[in-house]
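These notes are about the structure you will find just below.
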Amino acid sequence: MPAENDPLKLTLKNNLDEVKCIWSGIETKLKDCCMTRRELFQINLAVDELFTNIVSYAFEDQKEHDICVNIRIENNHIVVELEDDGIPFNPLEFTPHDLSTPLSERAEGGLGIHFCKRLTAEFCYERQNNKNRVTFKKRIKKPGLLKKLFSCGRNHGN
Amino acid sequence: MEISENKDGNIHIFELSGRLDSRTSPEFDEKIFLAMENGSNNFIIDFQSLEYISSAGLRVLNKAYKKLKHTDGKIMMCNMVDYIKEVFEIAGFDTFLPIVSDRQTALKSLS
């Protein structure tokens with residue numbers, strides 16, 4: 001029997017097509033629990049934005065790279081971790097455009113990291129062994145069913 | 001992602017369904033800019049069947065809004081679920097791109 005808190009692990013390639021594996025992975029695992037659509041959407045969005053950012057900017061070569069996404073539960077939080085071997089990038093140091101500037105004068109883009117920070121808690125970054133690791137938490141209201149769900153299946157992406 | 005288009009008078013309506021993300025937003029970008037090239041100047045984006053949007057989708061709308069500024073064009077969005085609306089608010093888009101409850105209200109406002 002898998003342990004109750006075994007994480008969901010996704011190993012994705014640095015290709016934007018893999019975005020669909022993020023939402024299918026997250027939604028397949030979490031759709032039957034009592035998370036709201038809003039909570040699911042926000043977790044999906046935060047992972048998607050970080051992943052898209054890594055694929056778009058982290059690699060200076062044309063080689064294939066692995067981007068690891070780990071999702072686990074800790075008490076009443078979902079904890080998400082993304083790891084890549086791209087160039088160092090600390091999202092915490094990223095400053096979004098001034099959002100009070102009229103849209104017509106604002107540069108496009110740069111919103112993804114802003115969304116992640118606004119929609120999640122305890123957003124952390126570390127650089128170790130030539131890898132970037134971003135971790136964030138998302139509080140969920142009814143964690144009981146989540147535990148049950150994680151104990152039912154854990155093999156996606158392994 | 002499915003994108004359907006129709007016109008009501010001189011108002012160009014896009015109905016988006018599925019997921020508008022970094023994979024699918026180039027198609028929406030292409031279609032809305034083609035519509036502008038073909039003379040459409042007022043747009044309604046109907047979010048009724050849209051399940052998901054990421055910053056890539058907002059980027060297309062930002063680009064379109066900027067272009068339409070030069071021609072006094074407008075974009076109105078409608079039928080948005082609360083958690084997608086929240087993303088537009090966090091991005092500070094809602095002040096510039098009006099979000100209304102339904103398509104009739106959007107049509108009335110643009111007519």
Side-chain angles (χ1 to χ4, degrees), chain A residues 12-27 31 35-58 67 91 94 96-120 138, chain B residues 1-2 17-29 32-33 43 45 47-77 80-99:
Chain A
L12 308 170
K13 300 298 175 196
N14 54 322
N15 182 330
L16 287 182
D17 266 351
E18 297 274 77
V19 163
K20 58 179 183 276
C21 300
I22 294 172
W23 62 262
S24 64
I26 291 175
E27 295 200 0
K31 71 179 177 187
M35 280 177 76
T36 61
R37 292 301 306 169
R38 178 171 175 268
E39 287 170 328
L40 266 179
F41 170 81
Q42 292 180 346
I43 290 173
N44 194 334
L45 180 64
V47 179
D48 173 351
E49 296 293 359
L50 290 167
F51 174 80
T52 299
N53 206 56
I54 293 166
V55 173
S56 307
Y57 305 111
I67 298 159
F94 178 83
H97 308 302
D98 180 358
L99 300 180
S100 61
T101 308
L103 206 51
S104 52
E105 295 165 23
R106 225 189 280 175
E108 292 136 31
L111 285 169
I113 304 290
H114 174 62
F115 289 160
C116 292
K117 291 186 199 166
R118 282 289 302 271
L119 298 175
T120 66
K138 180 79 187 166
Chain B
M1 171 85 192
E2 277 180 36
S17 66
R19 305 178 67 89
L20 183 57
D21 58 24
S22 51
R23 248 175 359 116
T24 56
S25 60
E27 185 190 347
F28 179 44
D29 183 281
I32 195 166
F33 277 82
F43 291 87
I45 319 291
F47 281 65
Q48 175 88 56
S49 307
L50 196 78
E51 294 165 25
Y52 179 85
I53 190 168
S54 75
S55 64
L58 273 80
R59 191 181 189 131
V60 176
L61 291 165
N62 191 355
K63 260 177 77 183
Y65 172 82
K66 280 184 178 176
K67 188 167 166 75
L68 287 169
K69 263 291 210 192
H70 299 294
T71 53
D72 279 332
K74 285 199 174 82
I75 300 179
M76 293 200 89
M77 301 180 290
M80 209 180 263
V81 293
D82 55 351
Y83 54 81
I84 289 185
K85 192 173 175 188
E86 194 177 354
V87 164
F88 279 86
E89 288 164 1
I90 292 171
F93 275 36
D94 55 318
T95 322
F96 307 98
L97 287 166
I99 302 168

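All values below come from the heavy atoms of this structure, side chains included, with hydrogens, waters and symmetry mates left out.
With a 4.5 Å cut-off on non-hydrogen atoms, A:Ala107 touches chain B through its backbone but not through its side chain. Residue A:Arg118 touches chain B through its side chain alone, counting heavy-atom pairs closer than 4.5 Å. Within the 4.5 angstrom heavy-atom criterion, only side-chain atoms of A:Glu49, from C-beta onward, approach chain B. When heavy atoms are compared at a cutoff of 4.5 Å, A:Thr52 approaches chain B solely by way of its side chain, counted from C-beta outward. Heavy atoms closer than 4.5 Å to chain B are found in both the backbone and the side chain of A:Pro102. At a 4.5 Å heavy-atom cutoff, the contact between A:Thr101 and chain B is made by backbone atoms alone. At a 4.5 Å heavy-atom cutoff, the contact between B:Lys63 and chain A is made by backbone and side-chain atoms alike. Proximity to chain A is limited to the side chain of B:Phe96, based on heavy atoms less than 4.5 angstrom apart.
Here the straight-line distance linking atom CZ of A:Arg38 with atom CD of B:Glu86 works out to 4.0 Å at 0.5 Å rounding. For the atom pair CG (A:Leu40) and OH (B:Tyr83), the distance works out to 8.5 Å, reported to the nearest 0.5 Å. Atoms OG and CZ, on B:Ser22 and A:Phe51 in that order, are 8.0 Å from each other to the nearest 0.5 Å.
The two atoms that bring A:Leu111 and B:Ser55 nearest to each other are CB-CB, 3.9 Å, heavy atoms only. Taking each heavy atom of A:Phe41 and B:Glu51 in turn, the nearest pair found is CD1-O, 4.1 Å. Closest non-hydrogen pair, A:Leu45 versus B:Tyr52, comes out as CA-OH, 3.3 Å. The two atoms that bring B:Asn62 and A:Arg106 nearest to each other are ND2-O, 4.2 Å, heavy atoms only. Nearest heavy-atom pair, B:Ile90 versus A:His114, reported as atom, atom and distance to 0.1 Å: O-NE2, 3.0 Å. Residues A:Asn44 and B:Arg19 come closest through the heavy atom pair ND2-NH2, 2.9 Å.
Within 6.0 Å of NZ in B:Lys74 there are 12 or fewer heavy atoms belonging to other residues, nucleotides or ligands. Annotation: B:Glu89, atom CD; neighbour count of heavy atoms from other residues, nucleotides and ligands within 6.0 Å is above 12. Within a 6.0 Å radius of NZ in B:Lys85, no more than 12 heavy atoms belonging to other residues, nucleotides or ligands are found. More than 12 non-hydrogen atoms from other residues, nucleotides or ligands lie less than 6.0 angstrom from NZ of A:Lys117.
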(request) Decide side chain to side chain contact (heavy atoms under 4.5 Å, CB included) for B:Lys66 and A:Leu103; before the verdict, give the C-alpha distance in whole Å, the side-chain angles of both, and the deciding distance to 0.1 Å. (result) CA-CA 7 Å; B:Lys66 280 184 178 176; A:Leu103 206 51; over 6 Å; no
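Ranked by heavy-atom pairs under 4.5 Å with chain A, the list B:Gly92, B:Ala56, B:Ala91 is led by B:Ala91.
Residues meeting the side-chain hydrogen bond (donor to acceptor under 3.5 Å, both in side chains) test with B:Asp21, sequence neighbours left out: B:Thr24.
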